[in-house]
Amino acid sequence: MTSGHFQLNGGDGNDSNSSSSTATTNTLTTAVTRENEKIRNFVFTKSSNSIDTISSPLPLKEPVASTSASAARQESLEKLEIQIPELLQSGYSFYTWPCAPVLAWFLWERREALAGKRVLELGAGTALPGILAAKCGAQVILSDNCILPKSLAHIHRSCEHNNLVPGRDIRVIGLSWGLLLNSVFSLGPLDIIIAADCFYDPSIFEDIIVTISFLLDRNPSAKFIFTYQERSADWCIEALLKKWKLRAILINSEDIGKASGIEIADIIGNHTIHLLEITKES
């Protein structure tokens with residue numbers, strides 16, 4: 001992990017609307033199911049060398065005694081397949097952008113640390129990372145803009161495709177960045193906040209930072225872990241981090257997926273994607 005203040009800057013010349021690169025065949029397949037919809041299959045396999053959860057950036061609970069249920073969960077987590085429905089020629093939230101599988105692989109390789117964690121995904125969209133966290137035993141809340149009912153409905157569909165019942169196995173809520181509505185106050189305690197490609201428009205950067213600052217004030221030991229795609233050298237959040245008393249560190253993402261035979265370049269193509277962690281200043 002590389003520490004230090006983080007600036008959202010640099011550009012790879014690729015807009016988020018451009019098509020993502022081809023992924024390795026054991027990671028991604030597609031199948032058309034109905035008009036204007038396709039299902040993307042994301043397959044996560046067990047690493048040949050397990051990640052040491054003690055050095056994981058995910059917050060850990062005290063060790064608990066092994067049970068038959070937890071043993072069964074670990075056995076079943078040698079391989080995980082997640083189906084994500086996508087709508088063709090639709091808005092941002094109906095497509096799985098390259099940042100999402102990068103974050104999902106990062107979480108998958110730390111899946112033992114996810115069990116029992118209280119996780120909130122912001123701007124979930126198709127919700128790949130959040131669904132993976134739920135499948136790994138986390139208590140997950142998926143959120144997207146409260147004024148976009150179709151986006152929230154699509155999150156429900158993603159959950160149902162993966163045998164997760166909203167309201168029972170996972171929560172789905174409307175949450176708008178920068179607005180402290182009832183949904184924010186009803187979240188409950190959080191251990192981890194995640195997001196994939198939420199910094200895609202500079203006009204909403206402070207709304208996101210305000211929301212994160214508020215949530216971390218209420219959950220001082222929590223961390224915000226997110227992936228970011230470089231799009232412009234003019235974009236920067238360093239001043240916003242200082243203003244809201246937050247600090248960011250860059251997490252090394254070069255080795256994500258390698259232990260499972262996945263090359264991260266096959267997922268991100270010619271995009272430049274970073275993995276970061278934001279916490280409150282001490």
Side-chain angles (χ1 to χ4, degrees), residues 1-8 51-64 103 106-107 109-124 127 129-130 132-134 136-146 170-199 204-228 236-253 274-282:
M1 179 184 297
T2 303
S3 62
H5 287 291
F6 170 68
Q7 295 186 27
L8 284 184
I51 297 291
D52 179 6
T53 57
I54 300 301
S55 61
S56 168
L58 299 183
L60 301 176
K61 289 185 175 180
E62 293 297 321
V64 296
L103 179 59
F106 172 80
L107 296 173
E109 292 178 340
R110 289 149 183 83
R111 56 195 176 277
E112 292 182 4
L114 283 172
K117 290 293 183 296
R118 297 159 298 191
V119 178
L120 167 67
E121 182 172 7
L122 297 177
L132 181 140
C136 292
Q139 302 170 32
V140 176
I141 304 172
L142 303 174
S143 70
D144 215 319
N145 198 319
C146 61
I170 198 166
R171 288 175 61 190
V172 179
I173 66 168
L175 191 156
S176 295
W177 302 329
L179 298 177
L180 301 182
L181 304 177
N182 289 338
S183 58
V184 179
F185 290 93
S186 64
L187 286 171
L190 298 172
D191 298 306
I192 310 165
I193 305 163
I194 60 173
D197 208 5
C198 59
F199 291 98
I204 60 172
F205 282 5
E206 186 157 22
D207 290 340
I208 299 170
I209 295 298
V210 166
T211 301
I212 293 303
S213 178
F214 177 80
L215 293 173
L216 293 180
D217 277 340
R218 293 172 67 88
N219 302 275
S221 63
K223 299 179 178 182
F224 175 42
I225 299 174
F226 67 102
T227 42
Y228 162 73
C236 179
I237 62 168
E238 185 174 13
L240 293 174
L241 293 175
K242 290 180 179 178
K243 177 180 178 180
W244 294 98
K245 296 180 172 55
L246 301 172
R247 62 186 294 269
I249 57 174
L250 188 65
I251 301 173
N252 181 17
S253 59
H274 301 292
L275 179 65
L276 297 113
E277 172 189 303
I278 288 180
T279 54
K280 294 294 292 184
E281 284 186 348
S282 55

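All heavy atoms count here, side chains included; hydrogens, waters and symmetry mates do not.
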Next item on the list: Give a yes or no on whether the ring-centroid distance for F106 and F226 is below 6.0 angstrom.
Entry: no
Check: Heavy atoms, side chains only, cut-off 4.5 Å: are L122 and C198 in contact?
Finding: no
Next item on the list: Kindly give the heavy-atom pair with the smallest separation between L240 and E206, and that separation in Å.
Entry: CD2-CD, 3.6 Å
Note to self: Over 60° means perpendicular and under 30° means parallel, so tell me whether F224 and F199 are parallel, tilted or perpendicular.
What the structure shows: tilted
Next item on the list: Look up atom CG in L120 and atom CZ in R171, then write down how far apart they are to the nearest 0.5 Å.
Entry: 9.0 Å
Checklist line | Of L276, L107, L103, I193, the residue whose pairing with I225 passes side-chain contact (heavy atoms from CB on, under 4.5 Å) | finding: L103
Notebook entry, point to check: Looking at CD of E281 and NZ of K245, how far apart are the two atoms once the value is rounded to the nearest 0.5 Å?
Noted result: 7.5 Å
Next item on the list: Heavy atoms only: give me the nearest C136-R111 pair and the separation to one decimal.
Entry: SG-CB, 3.5 Å
Notebook entry, point to check: Is a side-chain donor or acceptor of D191 paired with a backbone partner of R118 at a separation under 3.5 angstrom?
Noted result: yes
Check: Counting distance only, does the side-chain N/O of T211 pair as donor-acceptor with the main-chain N or O of D207 below 3.5 Å?
Finding: yes
Check: Residues in side-chain contact (heavy atoms from CB on, under 4.5 Å) with A134, at least two apart?
Finding: V140, L164, I170
Checklist line | Heavy-atom pair of closest approach, residues L241 and A248 | finding: CD1-CB, 3.8 Å
Margin query: Quick one, V184 and L179 - any side-chain contact, counting heavy atoms below 4.5 Å?
Written below: no
Margin query: Return the CG to CG distance between L181 and L175, rounded to the nearest 0.5 Å.
Written below: 7.5 Å
Item checked: CD1-NZ distance between I209 and K243, expressed to the nearest 0.5 angstrom -> 11.0 Å
Notebook entry, point to check: Is I208 close to I237 at the side-chain level, that is, under 4.5 Å between some pair of heavy atoms?
Noted result: no
Check: Would F185 and F214 satisfy side chain to side chain contact (heavy atoms under 4.5 Å, CB included), going step by step from the backbone distance to the final call?
Finding: CA-CA 10 Å; F185 290 93; F214 177 80; 3.6 Å; yes
Check: I192 versus K223: any side-chain heavy-atom pair under 4.5 Å?
Finding: no
Margin query: I need the minimum non-hydrogen distance between L142 and A124, along with the two atoms involved.
Written below: CB-CB, 4.3 Å
Next item on the list: Could you tell me whether a side-chain N or O of S143 sits under 3.5 Å from a main-chain N or O of E121, the two making a donor and an acceptor?
Entry: yes
